[in-house]
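Taking it in order: structure first as structure tokens, then the write-up.
In what follows, chains are A, B, ... by sequence order, proteins preceding strands, each numbered from 1.
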Amino acid sequence: MENKAIAKAFKLCSQLMELYNQNPFRTKAMASASFKIDKLPFPAVDASLEQLAERPGIGKSTAEKIHSLISTGSFKELDELVAKTPIGVLEMLSIKGLGPKKVQIVWNDLGIETVGELLYACNENRLVEAKGFGLKTQEEIRKAIEFANAAQGLFLYAKAEKIAAPLLVALEENFKDDKHSFTGEFRRKCEIISAIDILTTAPQAALIKFIEANEHYTLLETYDTSLQFSDSFSLKYQLLCSNHANFAYDLLVHTGSDAHIQQLQALQQPIPGAETEEAIYHKLGLPYIAPELREGLQEISWAKENRLPVLIKFTDLKGTLHNHTTYSDGVHTLAQMAAYCKDELRLEYLGICDHSKTAVYANGLSAERLKEQWAEIDALNQQLAPFKIFKGIESDILADGSLDYPDEILAQFDFVVASIHSNLRMDQEKATQRLIRAIENPYTTILGHPTGRLLLSRAGYPVDFKRVIDACAANSVVIEINANPLRLDLDWRWQQYALEKGVLLSINPDAHRTEGLMDMQYGIHVARKGGLSAECCLNAFSAENIALFFQKRKLKLKQLP
DNA sequence: GCCGTTTTCGGCCCGACTGTTTTCAGTCG
């Protein structure tokens, strides 16, 4: 069991304690334990009771609950609370904007026990009658439920990958003489996955046996040449049967989006029987098109004109910008993050961007603590040379679009990532203005996660992308592709527009622990979908070139009136 | 439930923002 899952259980327990009006201090201790577990710098599974209990915010009782969770999947107090709560009420707690207090009123005063009933009540304008609820709250809740409903059955790419990878391995082991490949949206590296498609030459009857023999899978439907099943996470799978002669052809047909395939067919019907996908594209007079690009946008006209971008790869990345440490809300220290980048990832540089002072919840840095951090960076840079740590900050964009420190402090950073973390409910005009004001700030180097979205969990604030990207172009501001699998923001669908305008992109992991740095691979996936090549990616610059880039920007600043 | 002693009890307690109130409660990052 991962720390995240343990933390989730404690969070639920604290929400339920609040729902049942239990002692507020115990309730808060439970919430705080959840937070601390999430921030443990080691896996709780490996830790003894004593090791856990000596962590701040975790005592003997919490340590025991953690061990109980790991060995049995739950603990007594949580079990009892869950047992007396209708499942629909539990679901309500996970809807954004609905906390224990509001759920309490919905359940106790209005007698609503399911999310469906709650949506119905919103539509019937019945929520406004409840104490503390008004029209706006009702509308927010209605929107949040509809968002959650739309996310039903969908998975983040990263999660789907984790769940589905063992299946392909199992197929390869059980059907050694056959060919198997992921296809469809998963092979195209889409950020959200509705089903895992696997093309295989294994015989269908044997596949059915194989699925039925595995307790994790439930067979849903069998067709002539395919079968559908789901797993214990409710992730859906489709096995598509092929044969060795047609494998490449079938792979091509199932990988491309409908639009991509239609556009190919408009050129000429692709011909089965070729050895490779490459050969099929060649027969159509086209170069090979990478699966990530096969969305039916511009890739076929690019291919026809022989100007497909050379897509960026993980190994093109020379460094990483926008990362957190224990100075703010990160789990690992500055030295640990640097050592990991240098020794494990073999990168040339690390950009540190802890939270700025307004982000109190994330332990944002005061001017004094910034000086401490800078001194430590200077010392580490001496030790680790030629590896380089750049002094950055993730500056909050305040409500009026200004940055979070006075100019004399901003001037001392190597670079500044500006992003919005608070006051997220804005209309498009306000959000766009706020972003543009931040982009026009001469100290802004990179615009961080432009929409603030959390995939499948929260829509971002609405943004006029064209105006924001144009402003970045006009002010030479780089746009972040936040590589956290929940964000992947800037969306790949807007990358081409940015690139056409000459805007550089940066694949930023926003890592809060060493392992988070590997999220850059998800950034690479969507960057490739957007057609990004290494020369337009800021953190594919060498240490020397990026230092020059930062310096040039600072020179420009000095020339300002 | 955790913590730190004035050391085994008693205090603990983000702040901004929003929407609902008419002075504050709930939620979030």
Side-chain angles (χ1 to χ4, degrees), chain A residues 7 10-11 13-19 21-39 49 52-66 68 75-78 81 92-106 109 127-144 324 328-330 354-366 394-400 404 419-427 430-431 434 448-449 451-454 457-461 482 484 486-487 489 510 512:
Chain A
F10 276 87
K11 177 78 192 298
C13 190
S14 97
Q15 284 181 307
L16 289 172
M17 286 166 76
E18 198 175 345
L19 182 68
N21 295 321
Q22 297 192 1
N23 182 315
F25 293 114
R26 284 188 60 215
T27 303
K28 264 183 198 147
M30 194 66 80
S32 140
S34 165
F35 186 76
K36 300 288 186 189
I37 293 161
D38 195 35
K39 295 281 177 209
L49 276 178
L52 289 169
E54 71 188 19
R55 306 286 308 180
I58 299 175
K60 188 164 168 272
S61 157
T62 301
E64 280 166 2
K65 291 190 178 80
I66 293 174
S68 166
F75 54 88
K76 187 163 165 265
E77 193 166 4
L78 178 62
L81 289 166
M92 283 180 211
L93 286 170
S94 63
I95 289 171
K96 284 246 178 295
L98 268 181
K101 288 289 151 66
K102 289 214 170 104
V103 170
Q104 202 175 50
I105 288 171
V106 164
D109 294 0
L127 238 53
V128 291
E129 296 160 16
K131 186 162 178 280
F133 287 68
L135 259 181
K136 286 194 177 168
T137 304
Q138 174 174 273
E139 185 57 15
E140 287 301 323
I141 290 174
R142 193 185 62 76
K143 273 198 226 156
H324 299 264
S328 66
D329 61 347
D354 273 309
H355 286 282
S356 61
K357 64 178 182 354
T358 294
V360 183
Y361 62 90
N363 196 20
L365 273 72
S366 64
E394 182 176 21
S395 170
D396 264 32
I397 298 174
L398 306 180
D400 64 353
D404 200 12
S419 33
I420 291 182
H421 290 106
S422 55
N423 198 355
L424 301 173
R425 275 196 234 164
M426 297 173 279
D427 60 33
K430 188 174 173 225
R434 187 173 169 193
H449 46 68
T451 75
R453 73 180 183 188
L454 296 177
S457 152
R458 175 179 87 198
Y461 35 84
N482 190 297
N484 186 310
L486 259 170
R487 294 192 184 267
D489 182 18
D510 199 354
H512 285 68

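- Of all nucleotides listed (B/dG1, B/dT27, B/dC14), B/dC14 comes nearest to the side chain of A/Y361.
- The side chain of A/K101 lies closest to B/dG26, out of B/dC13, B/dG26, B/dG29.
- Candidate nucleotides B/dG29, B/dG1, B/dC13 were compared by shortest atom distance to the side chain of A/K96, and B/dG29 ranks first.
- Side-chain nitrogen and oxygen atoms of A/N423 include at least one within less than 4.0 Å of the OP1 or OP2 phosphate oxygen of B/dT18.
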Worked verdict on A/K102 versus A/E140 for salt bridge (Lys or Arg N to Asp or Glu O under 4.0 Å)
CA-CA 13 Å; A/K102 289 214 170 104; A/E140 287 301 323; over 6 Å; no
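- Ion pairing between A/E139 and A/K136 fails under the 4.0 Å rule for side-chain N and carboxylate O.
- A/T137 comes within 4.0 angstrom of the backbone, heavy atoms only, and of no base.
- In this structure, of B/dT27, B/dG29, B/dG19, it is B/dG29 that holds the atom nearest to the side chain of A/H421.
- Taking the six-membered ring for Trp and thresholds of 30 and 60 degrees, A/H421 and A/H449 have ring planes more than 60 degrees apart, a perpendicular arrangement.
- Look at B/dT8: it lacks any Watson-Crick or wobble partner with both distances under 3.5 angstrom.
- Across all strands, A/P24 comes closer than 4.0 Å to no nucleic acid atom at all (heavy-atom distances).
- One atom, CD1 of A/I66, and another, C1' of B/dC2, lie 13 Å apart when rounded to the nearest Å.
- Residue A/T62 has its side chain nearest to B/dG1 when only B/dG1, B/dC14, B/dT20 are considered.
- Note on A/S32: every side-chain N or O is 4.0 Å or more away from OP1 and OP2 of B/dG1.
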